[in-house]
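Inspection log for the structure reproduced underneath, given as structure tokens.
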Amino acid sequence: MLLLLLAYLGGVLTLLSPCILPVLPFVFARADRPFLRSTLPLLLGMALTFTVVASLAAVGSQWVAQANQIGRWVALVLMAVFAIALLWPTLADHLLAPFQRIGARLSARADAADAAGRGGAWTSLLIGIATGLLWAPCAGPILGLVLTGAALNGASVGTSSLLLAYALGAVTALALAVWVGGRVFRALQARLGLGNVVRRVLGVAALLAVVAIGLGWDTGLLTRLSAVSTARIEQGLLDAVPDAQPAAPPMMMMAAGQAGAPLPVEGTLPSLSGATGWLNSPPLTTEQLRGKVVLIDFWTYSCINCLRAMPFVHEWAQRYRDHGLVVVGVHTPEFAFERDPRNVMKAVQQLKVEYPVALDNQYSIWRAFNNRYWPAHYFIDAQGNIRGHQFGEGNYAHSEQVIRRLLVEAGQTDLPPPADPAAADLQGVATQADMGNLRSPETYLGHARAEQFASPGGQRADAAFGYTLPSTLALNQWGLSGQWRVNDEAAQLQQAGGRIAFQFHARDLHLVLAPGEDGTPVRFRVLLDGKPLPAADAGADVAADGTGTVSEHRLYQLIRQRGTIGPHRFEIEFLDAGVQAYAFTFG
């Protein structure tokens, strides 16, 4: 109930956000009509459409995302016709005859219905549905929390209810604004005779809104402006409500019980039958694993946190495999390319993973565990009970102690001595993060989750566009240069010579990259503070002269500083077209 209230309040705050501006003309155009027959159906149609589209889009289905883009363009045409009807009803009737029934006559029909004292509600509902397809509310902390939960846990009544609560909050705020606006409109019409003037002003505003949405300003410029206006208020609401946010971000550690204390039973091992495939093993069942101590390791191969934890998982698998321990890796993809079994198989070979790996492309096992983290370790006893967990990297000595205790419970008496985490041979991306100097967060480049994008004009979703880099970047801001097409997951370079820049503060900088769609390798060179990357600071995937090649879908380590750590401007220039850039991570 508290989350529903938070979602509702987050929607109310939408009225303070610049992202609401493009849809206001369509809403206020009906402010002079009866509320119950005109404004209320419009707002309800808007709320229901947003809820349905957001619920579908949150589960990440590509065809739904494409359908939503088509729907937005259909809605833009419909809204443009409606705006022309506001400006020149007679002209619209003659010039736009094919669209009369769904566009130019909408306003006239509603007027006639209102004058006759009958209905008009269905017309307003249709306009509201079209407006809902256009509405792209800024993803502040509250909406971001709802969408993230929906994406990870799948479509459900709960997540759709939260989205509906958010939309109804926005509708409530808009209804209040329209009520006030309607009183002003009627006063102008009665006392000054300006009803037609106001109507035409709203028509011009509606046309300008169509242009703004068509150019992507509602998801670019206005989104960035909104981050200042409401994010602090929303975050304050989240902070004030216990358990409203996830218990800890993926980088944080969550202990699997205190040392020496009894290990609680947290549940039972769910079925692994949802796996879409298996590597290094035939399919495993819970019955086959009964009598063994099991470590379930949720990971994905481009996740830097997973890669840093993997050497310790390998050590436990080898050290205790003859003493009753079975490690099962559950590969749950974050990006689309991680769903390809060939990519995962190649990564398993490169990372020398020898234990069974379940491919969880549909998030079935993820949801069965109610998991939310990469990496996540679940410790299962010989009776099939979950006895502890570890979310995020770190805490390795304690995790090994949990494994040893469960093995002893299972009757193992001749265990080898525990490993020394400090003595682990960690190289390349496996080297543990320099937490004292880590001040840059994981940052996604796809428009679905992009933050701190600083190139002028904002991102243009799903359209090729020529970007330019700002002369200066604040800490953790980033930008693009050249011709790029930004989809929901990644930015793809359309012409050679494009660049990405990021102002970061960390020892290591990584970038998840992929070659062109045809697999053609892409050459690159790295700059630091506008100069060629010093050989001493080159990452594992960069040569001494600062150059490298993107030849496969994975995480690339581009910078590892050996000296004093401070803020720097990173730039990477791609000498060939086609590269796909997904996310920055740091260490």
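Small disclaimer: the values here were computed from a predicted structure and weren't measured.
- The CG atom of D488 sits 5.0 Å away from atom NE2 of H447, with the distance rounded to the nearest 0.5 Å.
- Not counting sequence neighbours, the partners of D518 by the side-chain hydrogen bond (donor to acceptor under 3.5 Å, both in side chains) test are T520.
- Ring-plane geometry between W299 and H331 is classed as perpendicular, the angle between the planes exceeding 60 degrees on a 0 to 90 degree scale with a lower cut at 30.
- With hydrogens and angles disregarded, no donor-acceptor distance shorter than 3.5 Å links the side chain of Q495 to the backbone of G497.
- G587 and A433 make their closest contact through CA-CB, 3.8 Å (heavy atoms, listed as atom of the first residue, atom of the second, distance).
- Taking 4.0 Å as the cut-off between side-chain N and carboxylate O, R569 and E571 count as a salt-bridged pair.
- Contact between L325 and L295 at its shortest, heavy atoms only, is CD1-N, 4.1 Å.
- Here the side chain of Q452 pairs no donor or acceptor atom with the backbone of W478 at under 3.5 angstrom.
- Between the CH2 atom of W316 and the CG atom of D297 there is a distance of 8.5 Å, given to the nearest 0.5 Å.
- Separation of atoms CG (N395) and CD (E400) is listed at 12.0 Å; rounding is to 0.5 Å.
- A tilted orientation is assigned to the rings of F504 and H568, their planes being inclined by 30° to 60°.
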Inset, instruction - Evaluate the side chain to side chain contact (heavy atoms under 4.5 Å, CB included) criterion for residues V522 and T549: first the C-alpha distance (whole Å), next the side-chain angles of each, then the deciding distance (0.1 Å), finally the verdict. - result: CA-CA 6 Å; V522 176; T549 303; over 6 Å; no

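- Classification of the F379-H377 ring pair by plane angle, with boundaries at 30° and 60°, yields perpendicular.
- Remark: R554 is positioned above the aromatic ring of Y556, its terminal NZ or CZ atom under 6.0 angstrom from the ring centre and at most 45 degrees off the axis.
- Within the model, atoms CG of D360 and CZ of R339 stand 9.5 Å from one another, a figure rounded to the nearest 0.5 Å.
- When only modelled atom types and interatomic distance are considered, D537 and Q561 share no side-chain donor-acceptor pair under 3.5 Å.
- Here the side chains of L509 and T585 are not in contact, with every heavy-atom distance at 4.5 Å or above.
- For the pair L533 and V542, the minimum side-chain heavy-atom distance is below 4.5 Å.
- With hydrogens and angles ignored, the 3.5 Å screen pairs no side-chain donor or acceptor of R560 with any backbone N or O of V429.
- Between R449 and E334, at least one side-chain nitrogen of the basic residue sits less than 4.0 Å from a carboxylate oxygen of the acidic one, meeting the salt-bridge criterion.
- Side-chain atoms of Q432 come within 3.5 Å of backbone atoms of A430 as a donor-acceptor pair (strictly under, hydrogens ignored).
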Inset, instruction - Report the C-alpha separation of F369 and Y378 in whole Å, then their side-chain angles, then the decisive distance to 0.1 Å, and conclude whether the ring-ring contact (aromatic ring centres under 6.0 Å, His included) test is met. - result: CA-CA 9 Å; F369 275 84; Y378 293 88; 4.8 Å; yes

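- At least one side-chain heavy atom of W278 sits less than 4.5 Å from a side-chain heavy atom of L284.
- Residues I380 and V293 fail the side-chain proximity criterion, which asks for heavy atoms closer than 4.5 Å.
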Legend entry - Trace of the side chain to side chain contact (heavy atoms under 4.5 Å, CB included) decision for D462 with V486: CA-CA 5 Å; D462 303 305; V486 182; over 6 Å; no

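- If you look at F312 and H314, their ring centroids are not closer than 6.0 Å.
- The aromatic rings of F570 and F584 lie perpendicular to each other, with more than 60° between the two planes, well past the 30° mark.
- With a 4.5 Å cut-off on side-chain heavy atoms, D434 and L438 do not count as touching.
- What you find for A454 and P470 is that their closest heavy atoms are O-CG, 3.3 Å.
- Checked by atom type and distance alone, the side chain of E354 never pairs as donor or acceptor with a backbone atom of K352 at under 3.5 Å.
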Inset, instruction - Tell me, with the steps shown, if V348 and N280 meet side chain to side chain contact (heavy atoms under 4.5 Å, CB included). - result: CA-CA 9 Å; V348 164; N280 297 339; 3.8 Å; yes

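- Atoms CG and OG, from D508 and S440 in turn, are 11.5 Å apart once rounded to the nearest 0.5 Å.
- Side-chain contact between Q580 and E517: present, with at least one pair of heavy atoms (C-beta onward) separated by less than 4.5 Å.
- Side-chain rings of W484 and F465 stay apart, their centers remaining 6.0 Å or farther from each other.
- D529 has no carboxylate O lying under 4.0 Å from a charged side-chain N of K531, or vice versa, which leaves the two without a salt bridge.
- Scanning all heavy atoms of the two residues, the minimum distance from E338 to P333 falls at CB-CB, 3.5 Å.
- Between the side chains of E451 and T443, no donor-acceptor pair of N or O atoms lies under 3.5 Å.
- Relative ring orientation between F335 and F337 is described as parallel, the plane-to-plane angle staying below 30° on a 0-90° scale split at 30° and 60°.
- Side-chain contact of Y320 with R404: a donor-acceptor pair under 3.5 Å is present, judged by distance alone.
- Contact annotation: the side chain of S481 never approaches that of T468 to less than 4.5 Å [non-hydrogen atoms, C-beta and beyond].
- At least one donor-acceptor pair closer than 3.5 Å links the side chain of D576 to the backbone N or O of R523.
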Inset, instruction - Check step by step if side chain to side chain contact (heavy atoms under 4.5 Å, CB included) holds for W374 and T332. - result: CA-CA 9 Å; W374 290 286; T332 311; 4.0 Å; yes

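- A donor atom on one side chain and an acceptor atom on the other are not found under 3.5 Å apart for Q557 and D541.
- Of all non-hydrogen atoms in P375 and C306, the two that sit nearest each other are N-SG, 3.7 Å.
- Judged by distance alone, with hydrogens and angles left aside, the side-chain atoms of T276 form a donor-acceptor pair with the main-chain N or O of L359 at under 3.5 Å.
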Legend entry - Working for ring-ring contact (aromatic ring centres under 6.0 Å, His included), residues Y301 and H553: CA-CA 10 Å; Y301 81 83; H553 299 68; 8.6 Å; no

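- Side chains of M345 and L279 form a contact here, defined as non-hydrogen atoms less than 4.5 Å apart.
- Remark: the backbone N or O of L469 is not paired with any side-chain donor or acceptor of S455 at under 3.5 angstrom.
- The nearest pair of heavy atoms linking N371 to F298 is ND2-CG, 3.7 Å.
- In this structure, L555 CG and I304 CD1 are separated by 5.0 Å, a value rounded to the nearest 0.5 Å.
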